[in-house]
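Accompanying notes for the structure given below.
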Amino acid sequence: DVSFDVAPGETMAIVGESGSGKSVTALSVLRLIPSPPGQIAAGQVLFEGRDLLKLSDREMRAIRGDRIAMIFQEPMNSLNPSLTVGLQVAEPINQHRREPWAKALELAKGLLQKVHIPDAANRLQTYPHQYSGGMRQRAMIAMALACRPRLIIADEPTTALDVTVQAQILDLLQDLTRETGASLVLITHDLGVVARYAQRVVVMYGGRVVEQAPARELYRAPRHPYTRGLLASVPSLTGRAGQRLVPIDGSPPDLAALPPGCAFAPRCSQATAVCGSTIPRLRAVAADHLHACLRDESVHA
């Protein structure tokens, strides 16, 4: 029952703890979940008026890397170690735009320059292990932008990078999506990143969407107890000295054995008996603000 939409040119963030289903959701959009064991049970993935779940494998290959691009979580595992970075950035241009390799490589050099990789002409001939972590992530962004996609899915694009490089990568993504008019789905667990870069936020827990709202509204008035717990656990620059963080007690649920009711109920201080037996559904509590909590009024109060 995960459902959301992304508008043209919009940056939407999907947030939640590890294991909440963020990456699986992204991989499902591009039909990259291995089958078996994964399978499509129901639903639609509508993109530019077409249901991606009804397309053939050949039709999906024509969309991946062209109309929809994905920046994976760990670039060292996503880049082919036996091919030069130049070939890997040029490949989408050669495959989808049918440009000869010489022209594709020239365009790849321009893409590396656009993502601020120094000495791009020589860097075309080097291999991923010769790049730093930040440069590998920039190369992944260059690959994603090669065919000017309409939708970019970035799965934790700044994992394992230091803070200054994180900011550079995210600023670069924001500038490039604005320049091309592409939509961006940003998967992250970093609420600071969400506050700075996203216009709208989807909060996931236990494989389900528990809250969805414009970013400003979510930070101003979070309605689900899980969202409130996430925000309460973030360090504050204005907090008083010695102020302790407020953790969320317990552990995330096993997605293969979800409880019969609300997945967050075992960790929720507001839970009642009905929360343990009834699955809450998303409902509107304000304009463009949805949440799934059976105790909305008492939690919000």
Side-chain angles (χ1 to χ4, degrees), residues 1-5 12-26 28 43 156 185-301:
D1 296 325
V2 174
S3 183
F4 57 83
D5 58 82
M12 190 197 74
I14 302 178
V15 301
E17 292 171 281
S18 296
S20 62
K22 306 185 300 296
S23 294
V24 169
T25 297
S28 297
E156 300 275 12
V185 174
L186 181 62
I187 298 172
T188 182
H189 60 267
D190 188 332
L191 290 171
V193 167
V194 172
R196 179 170 177 178
Y197 295 99
Q199 284 97 48
R200 200 151 50 91
V201 186
V202 170
V203 182
M204 289 190 68
Y205 184 83
R208 300 185 180 118
V209 175
V210 296
E211 190 158 6
Q212 184 178 154
R216 288 179 180 272
E217 172 70 12
L218 189 87
Y219 280 80
R220 185 187 67 81
R223 302 298 288 261
H224 195 278
Y226 176 62
T227 310
R228 294 161 65 91
L230 285 179
L231 292 172
S233 66
V234 175
S236 171
L237 293 176
T238 59
R240 63 183 181 275
Q243 183 177 10
R244 294 176 62 87
L245 298 180
V246 182
I248 301 175
D249 294 330
S251 301
D254 179 0
L255 294 187
L258 287 171
C262 174
F264 188 62
R267 306 174 71 186
C268 181
S269 61
Q270 300 283 336
T272 63
V274 69
C275 298
S277 59
T278 304
I279 297 176
R281 301 295 180 186
L282 276 176
R283 60 190 181 91
V285 293
D288 202 25
H289 192 157
L290 310 173
H291 87 131
C293 180
L294 299 170
R295 289 180 56 81
D296 171 47
E297 297 305 322
S298 62
V299 169
H300 188 54

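Panel note: side chain Glu211, backbone Arg223; a donor-acceptor pair is recorded below 3.5 Å. At distances below 3.5 Å, at least one donor-acceptor pair connects side-chain atoms of Lys22 with backbone N or O atoms of Gly16. A distance-only check finds no donor-acceptor pair linking the side chain of Thr278 to the backbone of Cys275 [under 3.5 Å].
The shortest non-hydrogen separation linking Leu231 to Pro222 is CD1-CG, 3.7 Å. For the pair Gly206 and Leu255, the tightest heavy-atom approach, listed with the atom from each and the gap, is C-CD2, 3.4 Å. When all heavy atoms of Ala26 and Ile187 are compared, the closest pair comes out as CB-CD1, 3.3 Å. Shortest non-hydrogen contact noted between Pro260 and Gly276 is CG-O, 3.5 Å. Nearest heavy atom pair, residue Ala13 against residue Val194, reads CB-CG2, 3.8 Å. Between Pro259 and Cys262, the shortest heavy-atom contact is CG-O, 4.0 Å.
Counting only residues at least two apart or on different chains, no side chain to side chain donor-acceptor pair (under 3.5 Å) pair has a member in residues 245-255.
Between Val203 and His224 the shortest side-chain heavy-atom distance does not fall below 4.5 Å. Contact check for Pro225 versus Cys293: side-chain heavy atoms found under the 4.5 Å cut-off. A heavy-atom distance below 4.5 Å is not found between the side chains of Thr188 and Tyr197. Leu290 places none of its side-chain heavy atoms less than 4.5 Å from the side chain of Phe4.
Atom OG1 of residue Thr227 and atom CZ of residue Phe264 lie 8.5 Å apart, to the nearest 0.5 angstrom. Taking CD of Gln212 as the reference point, atom NE2 of His289 lies at 9.5 Å (rounded to 0.5 Å). Atom CG in Leu230 sits 10.0 Å away from atom OH in Tyr205 (nearest 0.5 Å). Rounding to the nearest 0.5 Å places OG of Ser20 at 11.0 Å from NE2 of His189. Summarising the geometry, atom CG belonging to Leu191 is positioned 7.0 Å from atom OG belonging to Ser233; distances are rounded to the nearest 0.5 Å.
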Original post:
Could you walk me through whether Glu217 and Asp288 pass the side-chain contact (heavy atoms from CB on, under 4.5 Å) check?
Top reply: CA-CA 9 Å; Glu217 172 70 12; Asp288 202 25; over 6 Å; no
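Applying the side chain to side chain contact (heavy atoms under 4.5 Å, CB included) test between Leu186 and each of Val15, Val193, Val201 identifies Val193 as the sole match. For the pairing with Tyr226, the side chain to side chain donor-acceptor pair (under 3.5 Å) check across His291, Arg267, Glu17 returns one residue only, Glu17.
Every residue meeting the salt bridge (Lys or Arg N to Asp or Glu O under 4.0 Å) condition with Asp5, not counting sequence neighbours, appears here in chain and number order: Arg200. Under the rule for a side chain to side chain donor-acceptor pair (under 3.5 Å), the partners of Arg196 that lie at least two apart in sequence or sit in another chain are Asp171.
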